[in-house]
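Have a look at the structure below before the remarks.
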Amino acid sequence: MVKHVILWQLDDKLSEQEKETIKTEIKQGLEGLHGKIPGLVEIHVNKDGLSSSNADLMLDSLFEDEAALKGYAQHPEHVKVADSKVRPYTKTRVCLDYEV
């Protein structure tokens, strides 16, 4: 199994209200991929970090293996969500993939 964890910071130009809307849309979009992508076992987005956090969102996902993770990265459903709901609104992305 492979764990895929991403932390994002949203663009500073967004208002707090815009950030809340975007975080909800990212959560719905990414979690909506469950059952649509081969090898994707679990996918969760945490959008409610504590005030001590320096990231706005965390993706916590689990894949059957590294090949499934690579397939997810290129899958049209994932690319659609990433290109429409994530990439236009984020300023930083940090990723950690590891075997479990």
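Numbers for residues simply follow the sequence, beginning at 1. Note that this is a predicted model, so its numbers are computed, not measured.
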Determine, using the 4.5 Å side-chain heavy-atom cutoff (strictly less than), whether [X] and [Y] are members of one ILVMFWY cluster.
X   : Y   : answer
M58 : L10 : no
M1  : V5  : yes
L59 : L62 : no
L69 : I43 : yes

Inset, instruction - Compare all side-chain heavy atoms of P38 with those of H75 and state whether any distance is below 4.5 angstrom. - result: yes
Inset, instruction - State, yes or no, whether a side-chain contact exists between T21 and T24 at a heavy-atom distance under 4.5 Å. - result: no
Specify the closest pair of heavy atoms between [X] and [Y], including all atoms of both residues, with the distance to one decimal.
X    : Y   : value
V100 : V2  : CG2-N, 4.4 Å
C95  : H4  : SG-CE1, 3.6 Å
P88  : A82 : CD-O, 3.9 Å
V79  : A73 : CG2-O, 3.7 Å
E64  : A68 : N-CB, 4.2 Å
L57  : K47 : CD2-CB, 3.5 Å

Inset, instruction - Start with the C-alpha distance between F63 and L40, add both sets of side-chain angles, then the distance that settles side chain to side chain contact (heavy atoms under 4.5 Å, CB included), and finish with yes or no. - result: CA-CA 5 Å; F63 293 85; L40 173 59; 3.5 Å; yes
Rounded to the nearest 0.5 Å, how far does [atom2] of [Y] lie from [atom1] of [X]?
X   : Y   : atom1 : atom2 : result
Q17 : I22 : CD    : CD1   : 10.5 Å
E16 : E18 : CD    : CD    : 10.0 Å
K91 : D11 : NZ    : CG    : 7.5 Å
K27 : H44 : NZ    : NE2   : 8.5 Å
I26 : Y89 : CD1   : OH    : 9.0 Å
K36 : H78 : NZ    : NE2   : 13.0 Å

Legend entry - Side-chain donor/acceptor of E31 to backbone N/O of V45, under 3.5 Å: yes
Legend entry - Residues K23 and D56 bridged, charged N to O under 4.0 Å: no
Legend entry - Electrostatic pair D60-K3, nearest N-O below 4.0 angstrom: yes
Legend entry - Residues, nucleotides or ligands: over 12 heavy atoms within 6.0 Å of E77 CD: yes
